[in-house]
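Supplied in structure tokens, the structure appears directly below.
In this text the structure is predicted, and so the values were computed from the model without any measurement.
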Amino acid sequence: MELRFNQTAIQTNEDGSMTVSGYVNKTETKSKMLGRNQKFKEVIKRGAWQRAIDKAEEIHFLAEHDKSKILASTRNGSLELREDDQGLYMEATISPTSWGKDYHQLIKDGILQNMSFGFRSVKDAWRNMGSHFERTVNELDLFEVSVVRDPAYASSSICARGIDLVEDIEIPNIQEVKEVKDMNKKALIELRNELLEESQTLETRGLTNDLEYEQLKSRIKDIDMQLKKYEAKEVRNNMIDILNGADEKIDEKRGFEAFLKSHFNSEEVRAITTSAVPGQLVVPTSIADEIVKKLEEVAPLFSLSKKFPSVSGRLDVLKETDIGGAQWLDEMENATVQDFAMEKVTLEQKRLTAAVELSQNMINDAGFDIVAYVVDLVAQRIANALNRAIINGNGVKQPQGFLTATLPSDSNVTTAAIGEIDTDDILGLFNSMNPQLVEGAVFIMNRSTFNTVSKLKDGNNNYYLVDMKNGNGYKYYTVLGLPVQISDVMPDILTGNKAIALVNLGRAYGTLVKKGIEVKHISGDTQQALRGSQLIVADMYLDGKVINDQAVKLLKIK
């Protein structure tokens, strides 16, 4: 058995019961330096604890690893162990034996603060870090957890009782442990940062002449050389990509820009012209792809939805309306079929068009990237229309919005007060959604409603519903930890309609996309000639509907 010790925040219950709780170990967190002969740090992988708990017949909570002093046990449920997002958590109701009362008092007084656990590694992986090794434990057997006075006492008491205690870990042969050359770039950078931090610690302590410091510096130098090899390889691959395809995209962009400037007979324009209609140009695929890429950025509701590609422009999707049920029956009683209740939802292509008209003077005199300007303008117009339709589209010429869809009555949560929203209303909306659907959900409301929500306070007169977070390179608002999307088509509180939506779009809303955006450029017709302008028309064929009622919750103003 291997022992590990933690200075943990073990606490007693304030209600007078002999209950203690705390974290035994934090997963995905590196330990302090371990080992006597060969030094190593250790990480317990997420999920390892729960698997160990599930397969163990019984696990005891002991006083200082003394098997004769059991404080609690999983055998009778007095010891509860579970793994959460932080690590191995224990909660124990100590049996009121004489030693149980004594140890509970010592924990309560803060004299005993160390937790220890005994385990056996079943499956682990080692990595050579130069000055030490790193061990990742993926599978283990958990024997017991203990509250201890200090590591030395616990170790000696175990040895005195003849328990098979592993004093030092056998590390695999150095040739079998992954070297720097086998690590990917991300792992190398992480390792370099860790070694650099250790070397700086030694520098602070004035140990620059120490052998360990020299080993760290040598290891960092090896990593720097390997990183340079990776960078050189990336540069070489990028150059190959440019030779294989990037030049073609550059030529297409130049040809499109030349067409905009009416250089119809130029070599660049002739290379990209595919339309037989004079004065028309089917915009190159690379330009249309840029619009689609931009659309994903500026149409967040569309990008979050579940997408179904379609060639024919029509698709039937099954929509689950009832999960069905099980039955309690007597022996020999016939069961009745309790199938999932499903209904068919048909998605049929609808045309979404954005037209941008540019004057010839502006195109010729533009001191900026006119192609990028067109891409941004077209994508923004399509995105605005698409986001609005997902919320309140009429379902005829537009996709069906989740506000206009026919939803079950339990999709609506009504506010307690007339014409107002309070904190309990927001919490009620949040709690009405199945926890499995909450992850990935977003709040959707207009600016005025968000202003009201951001000013709500808790019982201590503190603002707490709204927070600001950083992600994907930009800042965004959250409510109760979920992102907020602001849309001016959401109803206002004063209208008495559904002012706030909580929607998991990836589960709730399906969009059919027949194909990417098709862009045409028109300059040679009579109207454009008379106006001295050029017209760019973008067409997209798609549809959208609610495909999971349970993933849509709406706050209705009373």
Checklist entry - Can you tell me if OH on Y477 sees more than 12 non-hydrogen neighbours from other groups inside 6.0 Å? => result no

Next on the checklist: Going by ring pair (Phe, Tyr, Trp, His ring centres under 6.0 Å), name the residues that satisfy it together with F430, two or more places apart in sequence or in a different chain.
Outcome noted: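 F430 satisfies ring pair (Phe, Tyr, Trp, His ring centres under 6.0 Å) with no residue once adjacent residues are dropped.
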
Checklist entry - Is any side-chain heavy atom of V503 closer than 4.5 Å to a side-chain heavy atom of K553? => result no

Checklist entry - How far apart are the closest heavy atoms of G481 and K469, and which atoms are they? => result O-NZ, 3.9 Å

Item to check | Residue list, side chain to side chain donor-acceptor pair (under 3.5 Å) with T449, at least two apart or on another chain | outcome: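 If we apply the side chain to side chain donor-acceptor pair (under 3.5 Å) test to T449, skipping adjacent residues, the hits are N446.
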
Next on the checklist: If you count every heavy atom of other residues, nucleotides or ligands that lies below 6.0 Å from K123 atom NZ, does the total exceed 12?
Outcome noted: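 12 or below, so no.
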
Item to check | Set of residues satisfying side chain to side chain donor-acceptor pair (under 3.5 Å) with respect to D467, sequence neighbours excluded | outcome: none

Next on the checklist: For residues 427-437, which residue pairs pass the side-chain hydrogen bond (donor to acceptor under 3.5 Å, both in side chains) check, not counting sequence neighbours?
Outcome noted: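 Of all non-adjacent pairs touching residues 427-437, none passes side-chain hydrogen bond (donor to acceptor under 3.5 Å, both in side chains).
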
Checklist outcome for this item: Here the gap from Q550 atom CD to R507 atom CZ, rounded to the nearest 0.5 Å, amounts to 10.5 Å

Next on the checklist: Working to the nearest 0.5 angstrom, can you tell me the gap between I557 CD1 and L494 CG?
Outcome noted: 9.0 Å

Next on the checklist: Is it the case that over 12 heavy atoms from other parts of the model lie below 6.0 angstrom from the NZ atom of K41?
Outcome noted: yes

Item to check | Intermediate values then yes/no, side-chain contact (heavy atoms from CB on, under 4.5 Å), Q86 and Y23 | outcome: CA-CA 8 Å; Q86 294 189 58; Y23 281 95; 3.4 Å; yes

Next on the checklist: Just verifying a value: how many Å separate S411 OG and K556 NZ, rounded to the nearest 0.5 Å?
Outcome noted: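 Nearest 0.5 Å value for the OG-NZ distance: 12.0 Å.
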
Checklist entry - Of all heavy-atom pairs between L403 and P491, which one has the smallest distance, and what is that distance? => result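 The answer is CD1-CD, 3.7 Å.
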
Checklist entry - Using a distance-only test with no angle check, is there a side-chain donor-acceptor pair under 3.5 angstrom linking N548 and Y509? => result no

Checklist entry - Is there a donor-acceptor contact under 3.5 Å from the side chain of N504 to the main chain of L437? => result yes

Next on the checklist: Working note: T414 + L555, criterion side-chain contact (heavy atoms from CB on, under 4.5 Å); need CA distance, chi angles, decisive distance, verdict.
Outcome noted: CA-CA 6 Å; T414 305; L555 184 62; over 6 Å; no

Next on the checklist: Can you list everything that forms a side chain to side chain donor-acceptor pair (under 3.5 Å) with N462? Sequence neighbours excluded, please.
Outcome noted: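 Per chain and number, N462 pairs via side chain to side chain donor-acceptor pair (under 3.5 Å) with no residue.
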
Checklist entry - Is the closest side-chain donor-acceptor distance between Q50 and D54 under 3.5 Å? => result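 Their side chains do contain a donor-acceptor pair, which is all the 3.5 Å distance test asks for.
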
Next on the checklist: Test your reading of the model: is there a side-chain donor-acceptor pair from Q398 to the backbone of N394, 3.5 Å cut-off?
Outcome noted: yes

Checklist entry - Mind checking what makes side-chain contact (heavy atoms from CB on, under 4.5 Å) contact with L227, not counting sequence neighbours? => result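 Partners of L227 under the side-chain contact (heavy atoms from CB on, under 4.5 Å) test: K185, L188, I189, R192, I223, D224.
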
Item to check | Closest non-hydrogen atom pair between V552 and A508, with its separation | outcome: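 Result for this residue pair: CG2-CB, 3.6 Å.
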
Next on the checklist: Checking T346 now: which residues fulfil side-chain contact (heavy atoms from CB on, under 4.5 Å) with it, not counting sequence neighbours?
Outcome noted: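 In terms of side-chain contact (heavy atoms from CB on, under 4.5 Å), with neighbours along the sequence ignored, T346 is linked to R314, D316, K344, E348.
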
Item to check | Donor-acceptor contact below 3.5 Å, side chain D422 vs main chain A416 | outcome: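 Judged by distance alone, no pair lies under 3.5 Å.
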
Checklist entry - Residues in side-chain contact (heavy atoms from CB on, under 4.5 Å) with E80, at least two apart? => result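 For E80 there are no side-chain contact (heavy atoms from CB on, under 4.5 Å) partners, ignoring immediate neighbours.
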
Checklist entry - What pairs meet the salt bridge (Lys or Arg N to Asp or Glu O under 4.0 Å) rule with one or both residues in residues 382-408, with sequence neighbours excluded? => result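 Passing the test, one end in residues 382-408: R388-D488.
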
Checklist entry - How far apart are the closest heavy atoms of V466 and S454, and which atoms are they? => result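 Distance-wise, the nearest heavy atoms are CG2-CA, 3.5 Å.
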
Item to check | Flag for T415-D425: side-chain donor and acceptor within less than 3.5 Å | outcome: no

Checklist entry - If only atom types and distance count, is the side chain of D539 paired as donor or acceptor with the main-chain N or O of T353 below 3.5 Å? => result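 Side chain of D539 to backbone of T353: no pair is present.
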
Item to check | Set of residues satisfying side-chain contact (heavy atoms from CB on, under 4.5 Å) with respect to T423, sequence neighbours excluded | outcome: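 side-chain contact (heavy atoms from CB on, under 4.5 Å) check on T423 returns L427, L456, Y464, L465.
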
Checklist entry - So, for E28 and R46, which heavy atoms are closest and what is the spacing to 0.1 Å? => result OE2-N, 2.9 Å

Item to check | Partner set under side chain to side chain donor-acceptor pair (under 3.5 Å) for D124, not counting sequence neighbours | outcome: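 Residues passing side chain to side chain donor-acceptor pair (under 3.5 Å) with D124: S121, R135.
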
Checklist entry - Do K545 side-chain atoms and F402 backbone N/O form a donor-acceptor pair below 3.5 Å? => result no

Checklist entry - Under the salt bridge (charged side-chain N to carboxylate O under 4.0 Å, His left out) test, which residues partner K26, sequence neighbours left out? => result none

Checklist entry - Are V413 and L554 close enough, and set up right, to give a side-chain contact (heavy atoms from CB on, under 4.5 Å), and what steps lead you there? => result CA-CA 6 Å; V413 177; L554 305 171; over 6 Å; no

Next on the checklist: I'd like to know if the side chain of S303 and the backbone of L301 have a donor-acceptor N/O pair within less than 3.5 Å.
Outcome noted: no

Next on the checklist: Test side-chain contact (heavy atoms from CB on, under 4.5 Å) on Y476 and V484; report intermediate values, then the result.
Outcome noted: CA-CA 7 Å; Y476 61 96; V484 178; over 6 Å; no

Checklist entry - At what distance, to the nearest 0.5 angstrom, does OG of S448 lie from CG of D492? => result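 S448 atom OG to D492 atom CG measures 4.0 Å (nearest 0.5 Å).
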
Checklist outcome for this item: Output for pair (E42 CD, T29 OG1), nearest 0.5 Å, gives 12.0 Å

Checklist outcome for this item: Nearest heavy-atom contact between A48 and E83 is N-OE1, 3.7 Å

Next on the checklist: Among L542, V513, I547, which residue satisfies the side chain to side chain contact (heavy atoms under 4.5 Å, CB included) criterion with F308?
Outcome noted: I547

Next on the checklist: Can you confirm whether more than 12 heavy atoms, excluding those of K306, are under 6.0 Å from its NZ atom?
Outcome noted: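 Atom NZ in K306 is not crowded, with 12 or fewer foreign heavy atoms closer than 6.0 Å.
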
